[in-house]
Amino acid sequence: MTIKYKSIKEIKKMISNKEISNVEIVNEVFKNITENEHLNAFITLNEEDSIKKALYLDNNPSDLALSGIPVAQKDLFCTKGLRTTCGSNILNNFIPPYSATVIENLESAGCISVGKTNMDEFAMGSSNETSFFGNVQNPWGENLVPGGSSGGSAAVVAAGIVPAASGTDTGGSIRQPASLCGITGLKPTYGRISRWGMIAFASSLDQAGPMARSAEDCAIILNEMCSHDEKDTTSLNENIPNFQKHLNESLKGKKIGIVKDLDLSSLDNEVVKVYEESLNEFTSLGAELVDITLPNLSLSVPTYYVIAPAECSSNLSRFDGVKFGRRSENPKNLEELYVQTRSEGFGDEVKRRILIGSYVLSAGYYDAYYKKAQQVRRLIKNDFDSAFTKVDVIMTPTTRGTAFEMGSKGSDPIQMYLEDLFTISANLAGLPAMSLPNGNIDNKPLGLQIIGNFLDESSILNFAHMYQNVTNWHMHTPDGLRK
Amino acid sequence: MDKKTVTTISYLSRLKIDAEKEDKIINDLDNIIAFVDQLNDADTNNIEPLSNPLEKTAKTRKDDVTAKNLKKELLEIAPSSNEDYFLVPRVVE
């Protein structure tokens with residue numbers, strides 16, 4: 001018996017039918033991790049604790065939602081007693097004294113956290129090439145990037161090592177790697193999931209979410225990730241629905257917004273064809289396509305590259321070599337301790353963003369850049385507010401193409417920033433959005449993005465699940481089509 | 001973006017720029033700033049800035065003691081500490 005490429009429901013059934021034990025599952029996961037070492041998808045493993053928990057579950061079977069389900073955790077979530085690096089040299093030796101609320105929620109639901117996944121340093125990157133711990137390989141092909149920043153999480157799900165992983169998304173960091181690795185990933189509404197214990201990058205944009213093989217599995221995990229948390233002032237105190245409840249609702253008469261301002265002419269014909277074919281599936285399911293306009297959409301990337309660096313320069317000022325993490329050796333004085341620790345500890349992309357942040361926040365430039373970007377951010381949010389008076393969801397491609405080769409974006413940072421062209425606006429507006437596999441070009445997967453209205457993850461999951469009922473793109477794996 | 005500006009913002013950021021990387025960094029920052037200058041195309045007259053998508057004021061909670069004292073655990077993970085303080089190089093001569 002194997003859990004490779006199995007869904008959460010299937011694995012739970014296998015456990016309850018005693019076809020496989022919790023310990024056997026954990027052993028299989030660690031065997032697959034070893035066999036896939038070349039992916040470089042994990043930074044730290046949690047083998048001993050995983051076996052201990054599996055043994056406990058074998059002796060004390062439970063019907064918790066995620067009982068015995070192996071989950072890989074992005075190395076951005078603090079895990080008590082387990083090294084948490086955020087992909088950075090500056091946290092190379094950091095062992096948190098507490099766990100993130102997301103981790104506590106998932107583990108109380110019975111999941112087994114098998115390890116911490118590789119990621120772009122401090123979640124700043126779209127190809128997993130900025131990690132201090134090296135590139136992650138996309139399981140779909142040698143030298144292909146998995147996307148980023150949750151590249152390790154996407155790769156381990158795509159390779160069938162675990163059925164699900166946690167990710168975080170500040171400008172597309174769940175959806176873009178989900179698209180490039182052929183899996184399903186959801187960024188919930190800003191505030192749905194507690195940010196307590198998530199190492200902050202851009203606090204008004206960061207949001208955690210599930211990465212899995214299907215919309216149904218994302219729904220199951222999302223329910224366990226969400227909670228109202230007093231320790232996070234932006235955690236929403238809203239009713240948390242049963243996200244599985246509306247999965248099978250008919251799409252008849254439901255409306256999909258198609259963004260007229262989106263310029264698809266810069267995309268390959270193949271990419272546009274895949275996108276249009278998936279829209280046809282939805283119309284066959286009874287949904288209607290409605291033209292909408294988001295006039296300020298083209299400004300979302302420049303808006304993001306003011307706001308995110310500004311918040312990052314502020315958040316990352318806590319890494320000073322005094323309280324935790326690495327400290328440079330033999331500084332002459334306190335000032336040198338700060339400067340050397342940070343200069344040795346951060347990589348080039350992180351430094352670049354801190355510098356941009358310091359610039360746009362500095363006296364004389366604050367109004368021209370930071371305030372201006374926040375005003376445009378409102379225009380973008382207003383565009384969405386007005387679109388959602390007419391439609392239930394909005395659809396776009398998730399990415400401009402399939403996975404690209406490592407190193408192929410060259411040394412121009414803007415080329416990499418444009419990778420998140422379609423995903424960034426949902427973060428700026430705080431809206432939930434998902435990527436799900438909708439095609440394959442040259443045996444490389446591609447994703448469709450579904451953006452939902454505020455707090456309406458249920459509609460996104462409904463559309464995605466109905467699509468996955470009639471298509472099999474989510475069943476494609478690097479090993480071929482799953483039966 | 002010139003050398004002087006980059007010196008100022010790297011000081012504000014407490015980052016040292018390697019001499020051999022300086023030209024590339026100035027060039028990158030210049031390009032990024034030129035890229036975000038597109039924002040000037042937007043008419044933002046009378047538009048309130050949006051700093052957070054929730055636009056809610058910070059919540060208050062009952063003033064109960066909730067967190068336990070983690071002093072020992074926190075000092076233990078510091079690069080240098082004694083039983084009461086984080087230690088840094090001498091500041092006052």
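Naming convention: chains lettered A, B, ... in sequence-line order (proteins, then strands); numbering from 1 in each chain. FYI, side chains are in, hydrogens and waters are out, and symmetry mates aren't considered; it's all heavy atoms of this structure.
- When heavy atoms are compared at a cutoff of 4.5 Å, A:Glu335 approaches chain B solely by way of its side chain, counted from C-beta outward.
- With respect to chain A, the highest number of heavy-atom pairs below 4.5 Å among B:Asp37, B:Thr8, B:Leu12 belongs to B:Asp37.
- Closest heavy-atom contact between A:Ser204 and B:Pro53: O-CD, 3.4 Å.
- B:Asp43 touches chain A through its backbone: at least one of N, CA, C or O sits under 4.5 Å from a heavy atom, while the side chain does not.
- Interface remark: of the candidates A:Leu355, A:Ile354, A:Val376, A:Leu355 forms the most heavy-atom pairs closer than 4.5 Å to chain B.
- Between A:Ser328 and A:Gln340, the side chains place a donor N or O and an acceptor N or O closer than 3.5 Å (distance only, hydrogens not considered).
- Using a 3.5 Å distance cut-off with no hydrogens or angles, the side chains of A:Ser358 and B:Ser13 do pair a donor with an acceptor.
- Chain A forms the most heavy-atom pairs under 4.5 Å with one residue out of B:Ala42, B:Ser51, B:Ser10, and that residue is B:Ser51.
- Between A:Arg326 and A:Asn89 the shortest side-chain heavy-atom distance falls below 4.5 Å.
- Between A:Gln207 and A:Gly191, the shortest heavy-atom contact is NE2-N, 3.3 Å.
- One side chain, A:Thr234 or A:Arg195, offers a donor N or O that lies under 3.5 Å from an acceptor on the other.
- Contacts of A:Ile95 with chain B are made by backbone atoms alone, with heavy-atom separations under 4.5 Å and no side-chain atom involved.
- Side-chain contact, A:Lys372 with B:Thr44: a donor N or O sits under 3.5 Å from an acceptor N or O.
- In this structure, A:Phe324 and A:Phe319 have perpendicular ring planes: the angle between them is above 60°, well past the 30° mark.
- Within the 4.5 angstrom heavy-atom criterion, only side-chain atoms of A:Ile414, from C-beta onward, approach chain B.
- Taking the ring centre of B:Tyr11 as origin, the terminal cationic atom of B:Arg14 falls inside the region bounded by 6.0 Å and 45° from the ring axis.
- In this structure, chain B has no heavy atom under 4.5 Å from any part of A:Leu455.
- Heavy atoms closer than 4.5 Å to chain B are found nowhere in A:Tyr370, neither backbone nor side chain.
- Between chain A and the residues B:Val36, B:Leu39, B:Val6, B:Asn31, the largest count of heavy-atom pairs under 4.5 Å involves B:Leu39.
- Between A:Phe388 and A:Phe384, the ring planes are parallel. Angles under 30° get that label, and only those over 60° would be called perpendicular.
- Of the two parts of B:Ile77, the backbone and the side chain both hold a non-hydrogen atom closer than 4.5 Å to a non-hydrogen atom of chain A.
- Using a 4.5 Å cut-off between heavy atoms, A:Ser411 touches chain B through backbone and side chain atoms alike.
- For the residue pair A:Asn92 and A:Arg83, a side-chain donor N or O sits within less than 3.5 Å of a side-chain acceptor on the partner.
- For A:Lys381, the part sitting under 4.5 Å from any heavy atom of chain B is the side chain, from C-beta outward, and nothing else.
- Residue contact with chain A, scored on non-hydrogen atoms closer than 4.5 Å, involves the side chain of B:Val91 exclusively.
- Of the N and O atoms on the side chains of A:Ser194 and A:Asp229, at least one donor lies less than 3.5 Å from an acceptor on the other residue.
- Interface remark: A:Asp232 contributes backbone atoms only to the contact with chain B (heavy atom separation under 4.5 Å).
- For chain B, the nearby part of A:Ser362 is the side chain; its heavy atoms alone come within less than 4.5 Å.
- Comparing B:Thr5, B:Asp18, B:Ile33 by heavy-atom pairs within less than 4.5 Å of chain A, the highest count is held by B:Ile33.
- Residue A:Ala429 touches chain B through its backbone alone, counting heavy-atom pairs closer than 4.5 Å.
- Of the listed residues (A:Gly325, A:Ser343, A:Gly430, A:Pro295), the one with the most heavy-atom contacts under 4.5 Å to chain B is A:Ser343.
- Remark: A:Lys409 does not engage A:Asp412 in a salt bridge, criterion side-chain N to carboxylate O under 4.0 Å.
- Of the two parts of A:Asn382, neither the backbone nor the side chain holds a non-hydrogen atom closer than 4.5 Å to a non-hydrogen atom of chain B.
- Residues A:Ser298 and A:Asp261 have side chains that never bring a donor and an acceptor to within less than 3.5 angstrom of each other.
- Interface remark: B:Leu87 contributes backbone atoms only to the contact with chain A (heavy atom separation under 4.5 Å).
- A pairwise comparison of heavy atoms in A:Trp196 and A:Lys231 identifies NE1-CE, 3.2 Å as the closest pair.
- Ranked by heavy-atom pairs shorter than 4.5 Å toward chain A, the options B:Arg90, B:Lys16, B:Glu73 are led by B:Lys16.
- The part of A:Phe94 that comes within reach of chain B is its side chain, from C-beta onward, which places non-hydrogen atoms under 4.5 angstrom from that chain.
- Heavy atoms of A:Tyr304 lying under 4.5 Å from chain B are absent altogether.
- Of the residues considered (A:Leu428, A:Asn296, A:Val301), A:Val301 shows the highest number of contacts with chain B, using heavy-atom pairs under 4.5 Å.
- In terms of non-hydrogen atom pairs under 4.5 Å with chain B, the most contact-rich of A:Leu236, A:Ile307, A:Asp348, A:Val339 is A:Val339.
- Across A:Tyr417, A:Tyr359, A:Tyr338, A:Phe454, the residue that shares the most heavy-atom pairs under 4.5 angstrom with chain B is A:Tyr359.
- With a 4.5 angstrom heavy-atom cutoff, B:Phe35 touches chain A via backbone and side-chain atoms both.
- Proximity of B:Val88 to B:Ser80: side-chain heavy atoms (C-beta onward) are nowhere separated by under 4.5 Å.
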